[in-house]
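Structure, as structure tokens:
Sequence lines set the chain letters: A, B, ... in the order given, protein chains first and strands last, and positions in each chain run from 1.
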Number of protein chains: 2
Amino acid sequence: MTVTIAEVAAAADVSTSTVSRCFAQPDAVRADTRERVLEAARRLGYTPNRIARSLAVGRTRTLGLIVPDIGNLFFASIAKAVQARARAKDYAVFLADTDEQPGDEAELALTMAKQVDGLLLVAPRMSEDELTEVVAAAPAVLLNRRMDGVSSVAAAGAEGVRMAAEHVRALGHRHLALILGARNSWSSMERSRAARQACEELGLQLTEFGPLPPKFGSGVGAADLVLAAGPTAVVAHNDMVALGLISRFAERGVRVPDDMSVVGCDDTLLARTATPSLTSVSIPLDSLGRQAVDLMVRTLDQPGHRPAPAETVLESGLTVRRSTGPLRTQAAPPTATTTQPHRS
Amino acid sequence: MTVTIAEVAAAADVSTSTVSRCFAQPDAVRADTRERVLEAARRLGYTPNRIARSLAVGRTRTLGLIVPDIGNLFFASIAKAVQARARAKDYAVFLADTDEQPGDEAELALTMAKQVDGLLLVAPRMSEDELTEVVAAAPAVLLNRRMDGVSSVAAAGAEGVRMAAEHVRALGHRHLALILGARNSWSSMERSRAARQACEELGLQLTEFGPLPPKFGSGVGAADLVLAAGPTAVVAHNDMVALGLISRFAERGVRVPDDMSVVGCDDTLLARTATPSLTSVSIPLDSLGRQAVDLMVRTLDQPGHRPAPAETVLESGLTVRRSTGPLRTQAAPPTATTTQPHRS
DNA sequence: TTGAAAGCGATACCAA
DNA sequence: TTGGTATCGCTTTCAA
């Protein structure tokens, strides 16, 4: 049924070692021998058994990707990029979805660690202790999160928030709301910090809401609070939350963008397919995924595979993709005079 | 570094066979011996090496999942369910995204076939010839598609279309547009067939558009054609296309749902997060994924693993999830009198 | 109930 | 440049 290296060896009248070499280091075999072997292999339809190879070499050429929710476009986009890049480098990808249960995350990662060469972790809410444990179990790269001593690839979230703040400032707004993401979310905390600084510098009043789970419903719920507090612009933790806000605003008769500016984060399909489309901070997720794989593979393919110095890649290609489609008027036209208010 | 079965055996003063048995068939070992072995295993932190086990037993406890685009919520939802169910059954999942390139699909599947126990294929556009070849390479289950002699789990798309047609009929519409999906898409063809029959029976005039790639842009493009042709209701191939339609309708000043009814398919997050939310034919994707895994595992865990009779599961729990949120008036209120027009 | 030993399919070291 | 063979870690007869 399945043709092994031994059969090829027999057919080509060489030893199994030689056949193996023909695939691993072709140069170490004389040309005509190699020819003969490859021909036999082709004729017999031989393909190396990756499992057997893995057992022998101790590496699986498999990467483990752990995400909180593959049904979330943010993570799905990353997964897509990771998968594509990994395949290009001849690595297979194990996918694990933790279903947003931070408790199981570490355990799952630990289990997976034994089956793969490296772990790609998108785990915004895993504790640093757990993370430390996981990282000890296998080479790992953190996505969209940073931690000392661990390789990571993250978007410059601070930059994104600042851009969003500048955007709403340019539209003439003075009071900005920020909807935070999940409690303990690394990127959410990062954004909160960045928002405070940006608003201070831009002379914007800032009101924060949350932390809240990054879901549509959270936006729906937060909308009324925002309305009560008085901001005229909102930056939401992600696009789903932003759409939740918009939905509730519509119910309350608050028109977007006429009465209220809403800015999402991540610029997923959700933002692009809304009518009118949602202004959103665009994060190059595919680039994030690609770079994570590259970093991982670089570590793995290093000959002296031990040192593995932690390396951090900060992706900075963030942009604000502005709403398109049938807009109505903007709330407050930008003033031509430059003012520099300052608030405690 | 890594603790093996031999070390456990030594520590518990038994043979490796016994240790192995303790995990594989605990009943075949005397209680106190088992106790001693498990204790030693725990103390040493032993966990069986899955690779080695795979090599020995010839099975990997890994499933391969092939999807056209994991960045598409439809497939992501399936992937999520598959992943969860597989893990529950102690199977790992290899994910492969073909990036909507039907050409590479078969090759990828063939490659994957050698590393997994079974293949879960979401490949609406793969040719039947290729499919036949793939299916010969490994046990396979088709998702959302049916083919003779191959196990599959599919949604009753016909049922969904009929429900959509009944829905718009109930709203008083007389002329329905159907936006077809990708050329060669199995489910698209299925829906077209179902739409014709349903419209005939319901006395609705039907105009079909497409085939078109199932993307937002296709909806945008089709909107003008629909407007020109006169239907007052549209059933789109999926939610993305539906949102594209709505986007363009808005630009053209056509109000949804006042002037035009739009029904999506799949009821993804996209439909739910739109404002107002999009009426969509809801397909229980998680159930599809779950059943596919169950079917696969049932086949795999069959002792006399050869026969594997093709089995088809037709998921019929489709529903129409109606738009919620700030609606405006409906176009044509349903008439109280029952009419039964008939058109050739 | 337990153990010895032969694989599973490839790799890689050491000789030739 | 090639071949023999031990090895990777576990499973699974077959005997004891």
Side-chain angles (χ1 to χ4, degrees), chain A residues 1-38 40-41 44-62 90 92 111 113-117 301 303 305, chain B residues 1-38 40-41 44-62 90 92 113-117 300-301 303 305:
Chain A
M1 176 72 191
T2 167
V3 26
T4 76
I5 206 172
E7 306 178 44
V8 176
D13 198 31
V14 295
S15 73
T16 60
S17 325
T18 300
V19 177
S20 177
R21 268 185 219 110
C22 284
F23 291 93
Q25 14 176 354
D27 307 321
V29 176
R30 209 200 312 147
D32 63 329
T33 314
R34 193 192 324 143
E35 197 79 355
R36 191 150 40 92
V37 171
L38 293 180
L44 270 44
Y46 167 80
T47 47
N49 179 322
R50 291 184 78 135
I51 301 287
R53 186 208 300 266
S54 295
L55 183 58
V57 295
R59 314 224 268 111
T60 56
R61 278 201 99 76
T62 294
D90 194 30
T111 304
K114 289 174 309 215
Q115 303 183 56
V116 304
D117 291 345
D301 288 355
H305 172 325
Chain B
M1 176 70 190
T2 167
V3 28
T4 77
I5 206 173
E7 305 179 45
V8 177
D13 198 31
V14 295
S15 73
T16 60
S17 325
T18 300
V19 177
S20 176
R21 271 185 214 109
C22 284
F23 291 94
Q25 12 175 0
D27 307 320
V29 176
R30 209 201 308 147
D32 61 329
T33 313
R34 192 192 325 141
E35 197 79 356
R36 195 151 35 93
V37 170
L38 293 181
L44 270 43
Y46 168 79
T47 46
N49 179 322
R50 292 185 77 135
I51 302 287
R53 186 208 300 267
S54 296
L55 183 57
V57 292
R59 313 226 267 109
T60 56
R61 279 201 98 76
T62 295
D90 195 29
K114 291 175 307 213
Q115 302 183 55
V116 302
D117 291 346
L300 257 24
D301 288 355
H305 170 329

Worksheet item: Does any pair with a residue in residues 24-33 of chain B pass side-chain hydrogen bond (donor to acceptor under 3.5 Å, both in side chains), and if so which ones, sequence neighbours excluded?
Response: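 Qualifying pairs: Arg30(B)-Asp32(B).
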Item to complete: Report yes if some heavy atom in the side chain of Lys114(B) is under 4.5 Å from a heavy atom in the side chain of Thr2(A); otherwise report no.
Response: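 Heavy-atom side-chain distance check fails, nothing below 4.5 Å.
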Discussion item. Within the structure provided, determine whether Arg59(A) and Asp301(A) are in side-chain contact (heavy-atom separation under 4.5 Å).
Written reply: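 Answer yes - side chains close enough.
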Discussion item. Does Ser54(B) reach a base, just sugar-phosphate, or nothing at all? Heavy atoms under 4.0 Å.
Written reply: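 Here Ser54(B) touches no strand at all.
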Fill in: Arg34(B) versus Pro26(B), closest heavy-atom pair with distance
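Smallest heavy-atom distance, with atoms named: NE-O, 3.1 Å.
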Item to complete: At the 4.0 Å heavy-atom cut-off to chain B, mark where contacts on DNA chain D begin and end, going 5' to 3'.
Response: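 With heavy atoms of chain B under 4.0 Å away, the range is dG9(D) to dT13(D).
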Taking side chain to side chain contact (heavy atoms under 4.5 Å, CB included) as the test, write out the residues that go with [X], two or more places apart.
X        : value
Asp90(A) : Arg50(A), Arg61(A)
Ala40(B) : Val8(B), Ala11(B), Ala12(B), Arg43(B)
Thr60(B) : Ile51(A), Ser54(B), Thr62(B), Asp117(B)

Worksheet item: What residue among Val37(B), Val29(B), Thr4(B) forms side-chain contact (heavy atoms from CB on, under 4.5 Å) with Val19(B)?
Response: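 It is Val37(B), the one option of Val37(B), Val29(B), Thr4(B) that forms the side-chain contact (heavy atoms from CB on, under 4.5 Å) with Val19(B).
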Practice prompt. Using a 4.0 Å cut-off on protein heavy atoms (strictly under), produce a 5'-to-3' string for nucleotides 8-15 of chain C with B for base contact, S for backbone-only sugar-phosphate contact, and - for none.
Written response: BBBSBB--
